[in-house]
Novice: 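Just passing along the structure, written as structure tokens.
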Number of protein chains: 4
Amino acid sequence: MLTGMQIAVIGGDARQLEIIRKLTELDAKISLIGFEQLDHAFTGAVKEKLEEVDFTNIDSIILPVTGANLEGQVETIFSNEKVILSEDILFKTPEHCIIYSGISNPYLNHIVKQSKRTLVQLFSRDDVAIYNSIPTVEGTIMMAIQHTDFTIHGSNITVLGLGRCGMSTARAFHALGAKVKVGARKSEHLARITEMGVTPFHLDDIEKAVAGTDILINTIPHLIVSAAVIAKLPSHTLIIDIASKPGGTDFRYAEKRGIKALLAPSLPGIVAPKTAGQILANVLSQLLQESYKNRKETEK
Amino acid sequence: MLTGMQIAVIGGDARQLEIIRKLTELDAKISLIGFEQLDHAFTGAVKEKLEEVDFTNIDSIILPVTGANLEGQVETIFSNEKVILSEDILFKTPEHCIIYSGISNPYLNHIVKQSKRTLVQLFSRDDVAIYNSIPTVEGTIMMAIQHTDFTIHGSNITVLGLGRCGMSTARAFHALGAKVKVGARKSEHLARITEMGVTPFHLDDIEKAVAGTDILINTIPHLIVSAAVIAKLPSHTLIIDIASKPGGTDFRYAEKRGIKALLAPSLPGIVAPKTAGQILANVLSQLLQESYKNRKETEK
Amino acid sequence: MLTGMQIAVIGGDARQLEIIRKLTELDAKISLIGFEQLDHAFTGAVKEKLEEVDFTNIDSIILPVTGANLEGQVETIFSNEKVILSEDILFKTPEHCIIYSGISNPYLNHIVKQSKRTLVQLFSRDDVAIYNSIPTVEGTIMMAIQHTDFTIHGSNITVLGLGRCGMSTARAFHALGAKVKVGARKSEHLARITEMGVTPFHLDDIEKAVAGTDILINTIPHLIVSAAVIAKLPSHTLIIDIASKPGGTDFRYAEKRGIKALLAPSLPGIVAPKTAGQILANVLSQLLQESYKNRKETEK
Amino acid sequence: MLTGMQIAVIGGDARQLEIIRKLTELDAKISLIGFEQLDHAFTGAVKEKLEEVDFTNIDSIILPVTGANLEGQVETIFSNEKVILSEDILFKTPEHCIIYSGISNPYLNHIVKQSKRTLVQLFSRDDVAIYNSIPTVEGTIMMAIQHTDFTIHGSNITVLGLGRCGMSTARAFHALGAKVKVGARKSEHLARITEMGVTPFHLDDIEKAVAGTDILINTIPHLIVSAAVIAKLPSHTLIIDIASKPGGTDFRYAEKRGIKALLAPSLPGIVAPKTAGQILANVLSQLLQESYKNRKETEK
């Protein structure tokens, strides 16, 4: 339980609602900033304006997955007001105050460093990335169905990378009856690919391996689907790049060769905002409970 | 091989192209009626107008999956001209001429009966229905992803029926990590559902079984998702009805209760026209080869 | 519930205990014949000698899965006494009395016919056969592991038949990472094999299809793994024949060619007697409840 | 290719034959020590006695998976002679000579250190451990079938650990239709378990989680299945411990409580020696080729 904890939830979209629901269930007291237009009421959560909040009492600040922009503005889907998270605000918080966001940027890094507070980037965590791979894969399946005129079942699918998303992608497409190949470099990844019942290849051999691919799914966040690779693809191949922006595909060359290549947006918040919110809510509530427990023990 | 066979392909959409491709590969001679606007040329296939064709030589007529409408008009996506399949045309064909379509209707039944020809409805065949269940399931997955805010993985999915589509649906959603229940009546179906690793229930108990369902997928072509069943569903449930029109759902009551219920259109031609065409092409080419062989043997 | 029903359980092995447990739970009154050495006591079940039982009150007789031998003797694992089921006994029972066994033989058929009673052969039922396919498949997996020096994962496995056992076998070996081919004749079976994600072939092409097979599993109960087929197998192939006796393999030729061929015994009672008993107990209790309900309704 | 490379294969069992086959295919020259009784001949491999070998020319020494015993004796299944690998032998080899074994021990470590040679323990490698998890899992399945009277399908199976073996175990038992729970500590492991479609629990909660377990499979190589855990198991539970010796189970307490607990031997060499040999052969040939290439490049 989080009884007695004071949390400021600043901005965000539908995913934040799952977080608020979970934290109020755990009996935290919550200040909602940037939620004027939210219809739903949560017991224990109070809508406030940024300037009304007494940050000297705030134990944690929860930002949207996007954090803040380079001017410090926080995205607020449920409000028309501009909300800026400033260095001053962080200075007001108690020393133990932890800030949570999905990702960070130089602005956020800077104000956190200046104010000597802790920032937790949830999307850098392995557990969050693996949980998020589930809606990401479902979004990828949806794109594969929408953008081809053949079934996933029976088609040749090449997945690049066996990381947090690659493993989930390989498993799901295999389960749907596709003939799946996965490219990796680490010998233990090649072993795991084999054990999963799909076909491994070393990324050094990618140009040879992609021949005959119907759908190429990239999860590696640097240029791997190069012009040389694209040149080896059949013209009907669909490339879906789900690596973080800007992906790992030479999109310009793909277009030149007339090969459809899609850079997937961040899929969890789009295809399954409720699940995506629950993922964050679960991990956050666990982290908050741990930090709360640690602080109490330290205070003794 | 179909060397020496004369086939008239009358109308149709992209699926017909796969059929034409396959039959020309097998060396059949093909008259294409209603394809003026088709860019692609197939060796062995000649575009003709209906009145130009000498039907006394035609061994088989291939209609679109929709057959003809009640006035005898055949759907022609690649032509602006109106093409009518009349009784007269069938009378001109040799006695052994077989007509193939996806489905039939009273008009088509009538002219076939009058002319004493044979009509094969491909969509009534078990093999075609099972092959088509693959793109149907992928279309259902796409709809499930698009119309919910949660992932298929981890959600409660109830499938009604373990027929040709039901089994494929159950397998695919189970493979994607959903908790799947399947309702059936036959004791051997309940046994098979168990063996598949999903949870069986008897359709007599449907009202009890649907409690907690996140997505309800119906494959049974008569009213089964009745008002009494819908009344037991959580308000967030999505109903996808993939049974043949008009489905098995009380859509009016679902709307009244604010539950989203979708009658899926014929999905194979929409989500995977190329695969759907290949399915028909494969089955057709096999049927044509068999009938050709039988006729030759009879003639000896 | 079976309150008021009188059932005689005559002989059998560990599987019968699950039946007795289930039926006593449903409040039936049970006479146990041939269970003197059974330690366990079940409330509502009484050990009796055959001659002590008043068969005029018996609503159902439950025999072991083997029924009786050609002299009428019933297998009794838990007794040293010889128990003979005679025509006379059946004549004493009320007209509505139903006899249940796994399989039958001329003796059993004869006395049932003479006495005008009904015999239900549980093993002929599709549901029982499908439920039993589960332990059968696990037994087959065990044999495959024991009798080869390679893993199932990654090996080439050919399954003959997509019936009640064939489908379960194909699914399980595919799930363990084998490359599975399934041979069948019916076009809808070939379609279903494709949908399951394994490779179909027509049994007409079996001689070509078996090339390269590491393990050949037959489920077809007539000679299909003929000398001509065996001649095409690699010498290291293991044949496991799980079709009912005498199987569908030319065992003599296999031995001559030095190919290991095993006729699997009835596996459920061997590898999982408890599960095998529960399968029978579940189906029996359902059948008994139905017949009891029907009889009561008739009596009104 | 390994043309020009001189390799000494000293002792070992059937697995070594796959290694010899593979290396001779790659054109290495091989001295076979401890293979007098081997019938099969390999082109490029010569049977020699230990004292006949000119170790100054040997680029690599391949020991059995067991390495050597504490007196330096190497296991030789295909020979009755005692073969001792001494420090002296290693001193004679060129500096670049690499010794390969499955595992090591103080004796082997000592002579390698003294002679300043390199020892590669193949079983410590992640890739080998993952490949070996495949036959290990099949052996575990075999044990589970042999030592229970119920089917894996439908039973409650708890796996401890999501390491190299744990993941493979969880996947396979889930695929066979069991209800699988996996216990782990790392948050990313709990996430991956969820994504795999099985049920995660934190090992801190193991005592609560094991209630109702039919088969408990341990992969964690320290005492985790403690008396406190065993006390919570149903009396029919089967414990299979596949962690390296001495396993992680309090076997003494299990016996006291009458719970069957099996410490699995090293399964790959037992259930699938050919596959186990191929795994080693593949990894070895890759390592040898890399070291050979590196050495040649250094020499330039």
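Every chain is numbered from 1 and lettered A, B, ... according to where its sequence line falls, protein lines coming before strand lines.
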Novice: Most heavy-atom pairs under 4.5 angstrom with chain A, which of B/H174, B/R171, B/H153, B/M143?
Specialist: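 Highest number of pairs under 4.5 Å: B/H153.
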
Novice: Got a salt bridge between A/K47 and A/E36, using NZ or NE/NH1/NH2 to carboxylate O under 4.0 Å?
Specialist: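 A/E36 and A/K47: not salt-bridged.
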
Novice: Decide, yes or no, whether a salt bridge links B/K22 with B/E25 under the criterion of side-chain N to carboxylate O below 4.0 Å.
Specialist: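 Answer for the salt bridge query: no.
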
Novice: Would you check if there is a donor-acceptor pair between the side chains of B/T249 and B/D241 at a distance under 3.5 Å?
Specialist: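 Yes, side-chain donor-acceptor contact under 3.5 Å.
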
Novice: Highest number of heavy-atom pairs under 4.5 Å with chain B: which of A/L176, A/V137, A/I152?
Specialist: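 The residue among A/L176, A/V137, A/I152 with the greatest pair count is A/I152.
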
Novice: Would you call the rings of A/H236 and A/F150 parallel, tilted or perpendicular if under 30° counts as parallel and over 60° as perpendicular?
Specialist: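 The arrangement is perpendicular - the two ring planes meet at more than 60°.
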
Novice: Could you have a look at A/T151, A/I270, A/T275 and say which one has the most heavy-atom pairs with chain B under 4.5 angstrom?
Specialist: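 Most heavy-atom pairs within the cutoff with chain B belong to A/T151.
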
